[in-house]
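Shown next, in structure tokens, is the structure this report addresses.
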Amino acid sequence: MIPTFDAALLRDRALALLRRNLHQGYDPYFRRHYAYVCPARRRYHWQWFWDSCFHAIAFSRLDLALAKQELLNLVSVQESDGFIGHVTHWGRRPILSIWGYFQSRLSLRPHHTALIQPPVLAYATWRVFQADEDKAFLREMLPRLNSYYRWLAEHRDPDGDGLISIITPYESGLDHSPAYDAILNVRSQRPSRVITELRLRLLDARHLLLSPNYNLEHILAWDRFVLEDVLVNCSYAEGLWALSELNRAAAQPAQAAAWEDMAQGVEAGILDKCYDPATGLYFNLEGRAERQHPVLTVTALFPLILRSLPRARANGIVRHLTDPNEFWLAYPVPSVARSEPSFDPSRERFLWRGPTWLNTNWFLVRGLRLHGYGQLADTIAHRSAEMVLREGFREYYNPLTGQGMGVRGFGWSTLVVDML
Ligand code: GLC
């Protein structure tokens with residue numbers, strides 16, 4: 001049975017939280033004013049790339065002016081070649097963590113990291129634009145979006161197959177996911193958090209010191225962690241479709257057609273190369289050899305958001321999603337299937353190893369609706385709303401009990417307002 005809940009209350013709370021997490025001021029390094037919503041006031045006070053896109057999407061349902069402000073602030077630090085870092089260090093606050101330095105090019109105070117995050121930006125812009133078709137907003141965003149996605153295609157596709165590569169798990173947005181264990185030589189099914197995290201940080205340090213200074217050509221040629229990640233590429237495909245729509249809205253049909261071709265190519269690449277016929281799921285491709293590691297994480301379900309996913313393939317994914325031994329737990333969708341030995345539903349601060357996160361639910365809910373599984377999508381949306389109303393906007397939730405975990409007042413969990 002679908003539980004009843006108060007959607008208006010949820011919206012009020014979502015808006016109050018996003019406003020509470022708003023940081024604004026003058027940045028003496030960039031020499032400009034800034035205003036953005038941080039993921040969570042205590043632990044994550046900088047501007048994170050995909051978090052901001054999610055905040056803007058939630059805002060598009062709650063406060064359109066703040067939605068536009070969020071995205072304009074994010075693109076305001078774009079470099080001349082199109083790149084936008086995954087964390088922007090706004091304000092006067094010193095960067096106290098050594099890890100922030102490891103993820104950035106050498107500088108006394110790096111303004112942003114040298115890493116990317118899943119490219120949700122064009123889709124987020126498309127959603128905000130659709131809300132009121134503000135042409136001035138489109139004019140400001142579009143050249144920056146075109147150049148950002150051009151940067152990705154030119155700098156992150158070393159084998160030229162259309163799929164983009166990430167160079168550290170942090171770029172996937174799913175930091176400690178067991179999908180990356182084998183590549184990082186994490187052999188235990190229940191590894192220590194400290195040691196796993198250390199391996200990730202050493203990879204960052206290696207990129208900074210030996211590659212050196214985040215030289216991408218060097219990093220990609222070294223081929224230690226170069227991964228065509230399914231989640232990242234599904235989000236990329238969705239971004240390219242959105243970019244094509246935005247260019248069409250701006251009366252740039254040739255550019256629109258070019259992005260559409262690319263979107264189709266990326267979708268075809270995922271469906272062809274990441275598909276594992278044995279399971280009917282999709283796995284990341286490691287390195288030049290494009291080796292798959294068949295670990296059942298939420299990433300394996302992501303092709304649900306692709307437009308060209310054939311019906312039979314969608315059914316195959318849904319079979320796993322609705323299997324109570326895998327992803328269909330009391331509070332779906334867990335970041336790791338219950339059948340995986342690494343499934344760890346209640347561990348805090350060791351991220352993406354079992355708990356349910358609302359941003360991945362939001363992607364899957366949309367994918368399910370796209371392919372005609374409306375009821376299933378509604379069930380996930382309602383369970384998500386139930387968790388939020390009972391536990392608050394938490395960073396992640398225990399998939400067996402719905403208990404809130406991780407930081408409180410976590411921005412992107414407000415995406416629930418866009419699922420209903
Ligand atoms: C964690 C998440 C990442 C997110 C960041 C800020 O590192 O894994 O996806 O962007 O926190 O919320």
Side-chain angles (χ1 to χ4, degrees), residues 27-30 38-39 43-52 74 77-119 148 151-159 164-177 179-186 191-229 232 284 286-288 349-352:
D27 186 294
Y29 311 100
F30 288 116
C38 72
R43 194 171 306 152
Y44 307 110
H45 47 255
W46 309 114
Q47 182 168 29
W48 259 265
F49 184 95
W50 77 331
D51 297 67
S52 262
L74 181 63
V77 293
Q78 182 171 43
E79 292 192 349
S80 55
D81 64 357
F83 177 75
I84 302 173
H86 96 300
V87 180
T88 305
H89 309 120
W90 289 106
R92 287 175 189 282
R93 202 194 279 253
I95 301 169
L96 293 175
S97 127
I98 180 83
W99 313 128
Y101 281 95
F102 280 3
Q103 296 189 333
S104 314
R105 292 214 175 79
L106 272 179
S107 156
L108 276 180
R109 193 190 185 284
H111 293 164
H112 54 71
T113 61
L115 304 181
I116 59 169
Q117 256 188 339
Y148 180 67
W151 185 92
L152 289 175
E154 280 166 19
H155 294 84
R156 288 307 186 98
D157 181 15
D159 59 3
I164 54 171
S165 294
I166 57 170
I167 57 169
T168 154
Y170 292 117
E171 293 198 320
S172 73
L174 313 194
D175 311 5
H176 309 132
S177 167
Y180 311 122
D181 282 359
I183 310 169
L184 296 166
N185 291 328
V186 174
S192 126
R193 175 176 82 84
V194 176
I195 298 204
T196 307
E197 174 107 28
L198 204 64
R199 284 180 203 268
L200 293 183
R201 300 300 184 183
L202 283 175
L203 188 62
D204 288 348
R206 172 75 175 64
H207 290 155
L208 173 67
L209 302 172
L210 299 180
S211 274
N213 211 11
Y214 278 91
N215 178 314
L216 266 179
E217 253 173 66
H218 193 284
I219 292 171
L220 296 172
W222 182 44
D223 203 28
R224 174 65 191 86
F225 187 105
V226 176
L227 193 76
E228 292 169 327
D229 186 279
V232 170
N284 306 328
E286 181 202 350
R288 232 165 269 137
R349 300 209 61 182
F350 199 19
L351 307 178
W352 302 100

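Residue numbers run from 1 in the order of the sequence given.
Closest of all the heavy-atom pairs between Trp50 and Leu174 is CH2-CD2, 4.1 Å. Nearest heavy atoms, Pro110 versus Ser104: CB-CB, 3.4 Å. Nearest heavy-atom pair, Arg288 versus Leu220, reported as atom, atom and distance to 0.1 Å: NH2-O, 3.6 Å. Smallest separation of non-hydrogen atoms from Leu184 and Arg224: CA-NH2, 4.0 Å. Residues Ile164 and Leu152 approach most closely at CG2-O, 3.7 Å, considering heavy atoms. Nearest heavy atoms, Thr88 versus Trp46: O-CB, 3.4 Å.
For Glu171 (side chain) and Ile167 (main-chain N/O), a donor-acceptor pair under 3.5 Å exists by modelled atom type. Within the 3.5 Å criterion, the main-chain N or O of His86 finds a donor-acceptor partner in the side chain of Thr113. Side-chain atoms of Asn213 come within 3.5 Å of backbone atoms of Leu106 as a donor-acceptor pair (strictly under, hydrogens ignored). Of the possible polar contacts, none joining the Tyr170 side chain to the Gln117 backbone as a donor-acceptor pair under 3.5 Å is found.
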Worksheet entry | Check against side chain to side chain contact (heavy atoms under 4.5 Å, CB included), Asp27 and His89 | CA-CA 9 Å; Asp27 186 294; His89 309 120; over 6 Å; no
Worksheet entry | ring pair (Phe, Tyr, Trp, His ring centres under 6.0 Å) evaluation trace for Phe49 with Tyr148 | CA-CA 12 Å; Phe49 184 95; Tyr148 180 67; 5.4 Å; yes
Practice prompt. Run the numbers on Ile116 and Trp151 for side chain to side chain contact (heavy atoms under 4.5 Å, CB included), then give the verdict.
Written response: CA-CA 11 Å; Ile116 59 169; Trp151 185 92; 3.9 Å; yes
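If you check the side chains of Tyr180 and Ser172, you find a donor sitting under 3.5 Å from an acceptor. Judged by distance alone, the side chains of His112 and Glu79 do bring a donor and an acceptor atom under 3.5 Å apart.
Separating the CG atom in Leu227 from the CG atom in Asn284 is a distance of 4.5 Å, to the nearest 0.5 Å. To the nearest 0.5 Å, atoms OG1 (Thr168) and CZ (Phe225) are separated by 6.0 Å. Note: Glu197 CD to Ser192 OG = 10.0 Å, rounded to the nearest 0.5 Å. The distance from the CD1 atom of Ile84 to the CD atom of Gln47 is 9.5 Å, given to the nearest 0.5 Å. Interatomic distance, Leu351 CG to Thr196 OG1, rounded to the nearest 0.5 Å: 11.5 Å. For the atom pair CZ (Arg93) and NE2 (His45), the distance works out to 4.0 Å, reported to the nearest 0.5 Å.
Contact of the Val77 side chain with the Phe83 side chain is not registered, since no non-hydrogen atoms from C-beta on lie closer than 4.5 Å. Looking at heavy atoms from C-beta onward, Arg201 lies in side-chain contact with Gln103 at the 4.5 angstrom threshold. Between Ile183 and Pro169 there is no side-chain heavy-atom pair separated by less than 4.5 Å.
For Arg109, the CZ atom sits in a packed shell: over 12 heavy atoms of surrounding residues, nucleotides or ligands are nearer than 6.0 Å. Atom CG of Leu202 is surrounded by more than 12 heavy atoms from other residues, nucleotides or ligands within 6.0 Å.
Between Tyr44 and Trp48, the two ring planes are perpendicular [angle over 60°; tilted spans 30° to 60°]. Taking the six-membered ring for Trp and thresholds of 30 and 60 degrees, His176 and Phe350 have ring planes inclined between 30 and 60 degrees apart. Ring geometry for Trp222 against His207 counts as perpendicular: the plane angle is over 60°, on a 0 to 90° scale with 30° as the lower cut.
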